[in-house]
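Every chain is numbered from 1, with letters handed out A, B, ... down the list of sequences. Bear in mind that the values here come from a model prediction, so they are computed numbers and not experimental data. Quick note: numbers below take in every heavy atom, side chains included, and nothing from hydrogens, waters or symmetry partners.
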There are 2 protein chains.
Amino acid sequence: MTTIKDIAKKANVSTGTVDRVIHNRPGVSKKTKAHIEKIIKEHNFQINTIASTLALNKSYKIGVLIPEASSENEFWSEPKKGIEKATEDIKNFRVSTSFFLFNQFDSQSYTTAFSNILEGEFDAVLIAPVFQKETSQLTQALDKKNIPYVFINIQINSLNAISFIGQDSFKSGYLGAKLMSVMIADTDEVLVPVFRLNTDNNAGIYERINGFKSYFEEKRPSVKISNTVIPDVNNFEVIKSSLDKEFEKTNIAGIFVPSSSTYLISKYLESSNIKNIRLIGYDTNQENLQYLKKDIIDFLICQNPYLQGFNGIKLLSDYLVMNKMPEGKYHSAITIVTRENMEAY
Amino acid sequence: MTTIKDIAKKANVSTGTVDRVIHNRPGVSKKTKAHIEKIIKEHNFQINTIASTLALNKSYKIGVLIPEASSENEFWSEPKKGIEKATEDIKNFRVSTSFFLFNQFDSQSYTTAFSNILEGEFDAVLIAPVFQKETSQLTQALDKKNIPYVFINIQINSLNAISFIGQDSFKSGYLGAKLMSVMIADTDEVLVPVFRLNTDNNAGIYERINGFKSYFEEKRPSVKISNTVIPDVNNFEVIKSSLDKEFEKTNIAGIFVPSSSTYLISKYLESSNIKNIRLIGYDTNQENLQYLKKDIIDFLICQNPYLQGFNGIKLLSDYLVMNKMPEGKYHSAITIVTRENMEAY
DNA sequence: CTGAAAGCGCTTACAG
DNA sequence: CTGAAAGCGCTTACAG
């Protein structure tokens, strides 16, 4: 292993000077700089990041702004776990994380959490930008302070996040359609129900629907796709009456639920004793998995939210500690989960 | 951050003594040991692994015994890439890896490579135990020298590997059957072709077939499953005549190929202009992906071989550097890849 | 513009 | 049984 000391000896300079050259710090004459650079190249020297972080003795704080997981919607517990695991991994690099959780159905709580982060003097921020308008405003403060931030799960292209980690929603809907397509006949009809609450705060859901419809338009225009908006996600009676109406109107063979609330539709099918409906939904929360196990849900499309959290923190840590610039976006896996692989996907 | 120095001060001892206690090294009186342990607990002290590896100044060598990727079968290029990435990650922990590649169709080359590893004085070995009998013999030498080893991709339960990383083959076949099942009718017939070469060196393939058949026996016994052994994987004429015979005999609606040679079956279907056959196979090699794109293959079942290599090395590195004992086995994902998610799964 | 020296947190050979 | 000191590879405040 070549060390700074080796390089210094070869170049007839002190280790301090080599260090200055490596990090492009000022105060080295052009001549010695070129000389040292040549020797570094010749020996294919690479700095020992371990020794470097130890010597730097610098610590970094990352603020994390994500929704709190609730019993109705536990989706966000997965990114949280991933973030906690990553935090453990980077602890020895003196990087710490602090959570600022908000209620994903309450924009005020988002604004409050965001303001707390702004006061906290963080070196970087990981954000699930659930509320678009608020995010546009609040990230300006980060931009002004030159604090880097990364979006997970939801992308807002117009802003200055140094990276985005999340699924290509259109593609995932397109995939959902393919899966539906292999299960139904040319003359069948498919229902796409949307819950009001979801649509308000997640543009991704519309993209999923777009992807789903595009597939059938391109490949099987004979299949009829119909939409319905269910006005209240929290009231099962409302869900029931909305769906009852749809089932009266048309002869539905399949349902594509573009959100993690798939289990609510399953619950309806189960309680109304409607059989032989092909059902495709999103995300492996406990409720969904139960209906997957019961064969009421056929396929769940997933995005590995654990990894979104984990990679988000790792990426920011690498950026802070090793000055490693991330790619502009990382598309998460589009994973298909069935009853048969639900324990290993 | 609490350091050894802090603990030493509180305990009125030197840092050396604290270090001895932390690592359970001998030469500390019971009394001081208990005292120091108490203080460590009180302060929730955890050792800084970065400083530790730097001070230890110890290096480790991992030998890697996997098949070489060939143009016909590039599967093993993925684990190799994962191993190379992991090697990069752990370089600063002074862990290095060396490849010993063998021809997966030539047991002699396996034995030779293995012997070279035994002579190389490695601290740990990562093995793809393609040849069962040879592995049983050769690992005895590792056992005798107390050199830890991990199996990837192929499991041999009877041996003393400290861990296994790979897919549950039975389950993957079971999943394949589910996918086939949603695409075919009750009266349809399914063909399961096996290539001679494959069966010789991979028990996993039989397990895949077992899983596939079990599903239909349990859920849809009306579907007829037939086998055929194709005697030569390298001669397309042989493949063609074997399959021609099968297609004459029965009315095949679907084919399940339990190996990564799926593309050979696709080639047959394409060249013979046989349409509307549902085709499910294994692994995302370039050839398979091309037929997936052309809609000739419907589903590929994958095991993320990149991660198998990556995690195998990481696990061994953690074991060597941090003394972290791994679990006995890690089941890789069983991933479903379609034309629609082939770029992100 | 350059070097000598102290320090990051842990480990260990040596002395007592 | 215990401590003082040197060292792992890099960084930096200080002196010149």
Does a nitrogen or oxygen in the side chain of A:T3 sit under 4.0 Å from OP1 or OP2 of D:dG9?
no

So, B:N285 versus B:E74: side-chain donor-acceptor pair below 3.5 Å or not?
no

Whether over 12 other heavy atoms sit under 6.0 Å from B:K10 NZ
no

5'-most contact on DNA chain C: A:P26 or A:T15, nearest heavy atom basis?
A:P26

Nearest heavy-atom neighbours spanning B:Y306 and B:K81
CE1-C, 3.7 Å

Just checking, any donor-acceptor pair under 3.5 angstrom between side chains of A:N157 and A:Q155?
yes

Nearest-angstrom distance from the residue atom CD1 of A:I4 to P of C:dG3
13 Å

C:dA13 P sits how many Å from B:L56 CG, rounded?
11 Å

Would you indicate what B:N12 reaches in the nucleic acid, counting non-hydrogen atoms under 4.0 angstrom: base, sugar-phosphate, or nothing?
sugar-phosphate

When B:S14 and B:R94 are each assigned the nearest nucleotide of DNA chain D, the 5'-most assignment goes to B:S14

Can you tell me which stems DNA chain D forms when a stem means 3 or more consecutive Watson-Crick or G-U pairs under 3.5 Å?
C:1-3 with D:14-16, C:5-12 with D:5-12, C:14-16 with D:1-3

Which is true for B:D6 with a 4.0 Å heavy-atom rule: it touches a base, it touches only sugar-phosphate, or it touches nothing?
nothing

Gap between atoms CE and P, on A:M322 and D:dC10 respectively (whole Å):
14 Å

Can you tell whether the side chains of B:D89 and B:K85 come within less than 4.0 Å, N to carboxylate O?
yes

Between A:K80 and A:E84, does at least one N-O distance fall below 4.0 Å, as a salt bridge requires?
yes

Should we say atom NZ of A:K61 is surrounded by more than 12 heavy atoms from elsewhere, each under 6.0 Å from it?
yes

Gap between atoms CG and P, on A:N92 and C:dC10 respectively (whole Å):
9 Å

Going by atom types only, do B:S332 and B:N304 share a side-chain donor-acceptor pair under 3.5 Å?
no

Using atom CE of A:M1 as one end and atom P of D:dC8 as the other, report the distance to the nearest whole Å.
12 Å

A:K324 atom NZ, over 12 foreign heavy atoms within 6.0 Å
no

Which of these nucleotides, D:dG3, C:dT2, D:dG9, is closest to any side-chain atom of B:V13?
D:dG3

From C:dG3, D:dC10, D:dC8, nucleotide with atom closest to A:S52 side chain:
D:dC10

Find the distance B:L54:CG to D:dG9:P and express it as a whole number of Å.
7 Å

Does B:A51 or B:G16 map to a spot on DNA chain C nearer the 5' end, using the closest nucleotide for each?
B:A51

DNA chain D-proximal residues of residues 39-50 of chain A, any heavy atom under 4.0 Å:
A:F45, A:I47, A:N48

Can you measure B:N57 atom CG to C:dG9 atom P for me and round it to whole angstrom units?
19 Å

When you measure from the side chain of B:R20, which nucleotide among C:dA4, C:dA13, C:dG9 comes out closest?
C:dA13

Okay, side chain of A:Y110, backbone of A:P67: is any donor-acceptor separation there less than 3.5 Å?
no

For A:T17 and C:dT2, is the shortest distance between a side-chain N/O and OP1 or OP2 below 4.0 Å?
no

Short side-chain N/O contact from A:R25 to OP1 or OP2 of D:dT12, under 4.0 Å:
yes

Counting only heavy atoms not in B:K30 (residues, nucleotides, ligands), do more than 12 fall under 6.0 Å from its NZ?
no

Does any residue of residues 29-36 of chain A have a heavy atom under 4.0 Å from DNA chain D, and if so, which ones, in number order?
none

From CZ of A:F93 over to P of D:dG9, roughly how many Å is that when rounded to an integer?
16 Å

Could you tell me whether the side chain of A:V130 reaches within less than 4.5 Å of the side chain of A:F102, counting heavy atoms only?
yes

Please report whether the ring centroid of B:F122 lies less than 6.0 Å from that of B:F100.
yes

Answer with base, sugar-phosphate or nothing: what part of the nucleic acid does B:V18 contact at a heavy-atom distance below 4.0 Å?
nothing

